[in-house]
Amino acid sequence: MTTLQAEQATENLPHEPEKATLEGRNKILGFWLFLAGEAVLFGTLFATFLTLRNQVADGPSASELFSLPITAVATLILLVSSLTSVFAIQAMHRADKKSLLTWLTVTVVLGFSFLCLEIYEFYEYVVHYGYGMTTSAFSSAFYTLVGFHGAHVIFGICWISLLIGQVAKKGLTVVTAPKVYVSAMYWHFVDVVWVFVFTVVYLLGKVVG
Amino acid sequence: MDWLTTVDHKKIATLYLIAGGFFFGIGGIEALLIRVQLWKPMNTFLNAQQFNELITMHGTTMIFLGVMPIIFAIMNAVIPLQIGARDVAFPFLNSLGFWTFLFGGLLLNLSWFMGGAPDGGWTAYAPLSSTTYSTTHGVDFYTIGLQIAGLGTLIGGINFLATIITMRAPGMSFMRMPMFTWTTFVTSAMILFAFPAITVGLVLLSFDRILGANFFNVEGGGNPVLWQHIFWIFGHPEVYILILPAFGIISEVVSTFSRKRLFGYSSMVFATILIAFLGFMVWAHHMFTTGMGPVANALFAIATMLIAVPTGIKIFNWLFTMWGGQITFNTANLFAVGFIPTFVMGGVTGVMLGSAPADYQFHDTYFVVAHFHYVIVGGLVLGLFSGLHYWWPKMFGRVLNETLGKIEFWTFIIGFHLTFFLQHFLGLIGMQRRVYTYLPNQGFDMMNVLSTIGAFLMGVGVIVFLINIYITARQPAGVENDPWEDGRTLEWSIPSPPPEYNFKQLPLVRGLDAYWKEKMAGHKEMTPAEPVGPIHMPSPTIIPFVMSVGLFIAGLGFMFTTDDFGNSFLNFMFNKYIVVIIGLGITFGSMIVHSLNDDPGWHIEPEEQGGKGVEA
């Protein structure tokens, strides 16, 4: 795309392209509703975890297992990725496709780094402590809650990667903009859930015991 | 093929009706088998295992696969028309919701042919549902089948919420929405907040059974009461998810056939919202006897009884709507009027059960069975029959036969009261539920015979309804826009059945009961809010169907991961999660295909729309 064409595309793009069409507005509203349901889903998982977090049977307890430095770094990485996705949306509002793609890529890379840390953490638990799904009620609840969050991260990484390809190919339009916006909402939600995971699972487990 | 790819809400409504009706029939046959077993003491028609499977599947099928889809059928058929919309907010998701429900339901019923149905009761209480006490794959079919079907319900709920928020016709404020739209809105919100909880519950239970997790396994530190909390925080709101749409239907029908506007419209709206709110606050009244202690029991008892207040408001408003009205007693209205006292009886026993000390006596007896059948059959099913008779002409362009309809009504309602009224007394004198037979001469014998006769009368009523549908379908279609002549809401202002695009021009709404208002002003049709123009339509797509097939395959694969088939190929395919991966691959692959192809849809041009337009 030449500079001239890019300028024309920018002129044609409305200020908030994600809300320019009824389909776009519906998509955003529908996604807010979906996130409300997701909040209940994670709420139930947290309630389950809180009920069972001291039920360690013969297995290790939270304070024996967790290593706060690793999860603190993971938390930092994930929170920064939320910030970079905000930059991506701001770039979209400026109709700056290149910057949008850059920031989305940074977000994906950060998300992927987080995921690697989590896989390393699980690997350590399973291999070194022999701490698996079947060890205790605590372990079942831990892997299910943190694993559900991890699955959300994987889904988000795949989704945003796909969007990067799509925006690169089709450009920034009133069709692609709502998709980017919605994926950013999703990513923030996943980050917020992690803040609760860090507090309720790791800090409470390590510090309060 | 057309039916596999459709995204039209009216066709999806028909699909929901057929599939829901099919499962309703299966659930009904299961009920009749239960009643045959119980008609005399020490009967050997069924053994204990078969009986457990039948009661589990009867409850599960009726609630998740029978009445819920029929509610969704009516909502899909009516809601876009009532709010003056051309479609729902997400036509693609609407289709996806239907197919996931259908494949989830099929998966669940496959259990009959694959080594045994679930047998832990429809509530699947742990540890009864653990691998220790339920050794077949039955409960796996329950958890995974319901998981897939529940996904469809959740999608449907989100879709209706978005539709009602954004797609209302110009002038239709929230306080001008018809009552059925209101109850659909509130029901959908309840689905949104209740279903994710059962999603988690089912995941935990399948992890316990398939991956050896310890959520409900006491030896590993798990807690079976946790299952009950998770189940009922979903399960109690589910009761109101079922009954609120019936309340909406009754409000429409009673008002139409009394030729009066609904009495106390705004109090009806707020009562609906209040019921929904309180519905989430009372789940633990199902658990009075688990030993929660007197404080929790008292609080949940009080919260439960509070629901009688908004419900009472509704009952009196219906009575006041009829008061002084010109009442037409056709089949739809007979069902509506029959609903009111029947539901009141179910509500009264609800207050009785809500009292914790009394519940210690009623718990797990036929009194409870009688209570919830009064609510769900005497409330919801009567409401559904009323709604189906009322909207049948709008959905299919034919009015159902009145004579047959009246026969259906009387056999069904007499059969219903014969079956379940007596069960109150069976429970009070000590007959337990969930037990496959009983000893003679305890005073149960005669009432059980009558109860079985009543169940068969209800079956006759349903068969008459099917005959009615068959006979009516053979007659030529072509009823007026407003066959009842007293239609009050927007759906009656357009042809029956409606064209693909519903409204040629979106109507301008000038008050509650928009169409009635225009008729009273001497107009024949609604004032349009826009000029005639091309109408944008979504394209049909097979992807939702394929996605659901993928989930079905993945579900089956997941269930058998720990099995030894005695066949190295099958063992490899299942134990290494290959089948799961293939299934999920199909689902996510179709999602990617869908998201890469931005469907621009198509347009119906004004010259293809037929009829003359009205200047806006």
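To find a chain, count down the sequence lines: A is the first, B the second, and so on, and within it residues start at 1. Every value quoted in this text rests on a predicted model; they were computed, and no experiment measured them.
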dist B:Asn214:CG -> A:Phe138:CZ (nearest 0.5 Å) comes out at 12.5 Å
Practice problem: Test side chain to side chain contact (heavy atoms under 4.5 Å, CB included) on A:Leu162 and B:Met591 and set out the steps. | Solution: CA-CA 11 Å; A:Leu162 204 66; B:Met591 271 171 86; over 6 Å; no
From the list A:Leu45, A:Thr44, A:Val40, side-chain contact (heavy atoms from CB on, under 4.5 Å) partner of B:Pro196 resolves to A:Val40
Whatever's closer than 4.5 Å to a heavy atom in chain A on B:Ile158 counts as both
So, the part of A:Phe42 with a heavy atom under 4.5 Å from chain B: the answer is neither
Bottom line for A:Ser136: the part with an atom under 4.5 Å from chain B's heavy atoms is both
d(B:Asp208 CG, A:Ser140 OG) to nearest 0.5 Å is 6.5 Å
Assert top hit (heavy-atom pairs under 4.5 Å, partner chain B, pool A:Asp58, A:Val56, A:Thr135, A:Leu52) equals A:Leu52
Of all heavy-atom pairs linking B:Leu596 and A:Lys170, the shortest is O-NZ, 2.6 Å
Does any part of the side chain of B:His536, heavy atoms only, come nearer than 4.5 Å to the side chain of A:Leu22, both counted from C-beta? no
Closer than 3.5 angstrom, by distance alone: can the side chain of A:Gln166 be matched with the main-chain N or O of B:Ser595 as a donor-acceptor pair?
yes
Nearest heavy-atom approach of B:Phe207 to A:Met133 is CD2-CE, 3.1 Å
Tightest non-hydrogen contact, residues B:Phe90 and A:Gly30, listed as CZ-CA, 3.8 Å
Between B:Leu211 and A:Thr134 the two heavy atoms that sit nearest each other are O-CG2, 3.3 Å
Heaviest contributor of heavy-atom pairs below 4.5 Å to chain A, chosen from B:Asn217, B:Leu154, B:Thr166, B:Thr199, is B:Thr166
query = Please walk me through it: do A:Phe148 and B:Val200 pass side chain to side chain contact (heavy atoms under 4.5 Å, CB included)?
reply = CA-CA 10 Å; A:Phe148 251 75; B:Val200 171; 5.8 Å; no
Nearest heavy-atom contact between B:Gly222 and A:Ala137 is N-CB, 3.6 Å
Cut-off 4.5 Å, heavy atoms of chain A, and the answer for B:Phe195 is neither
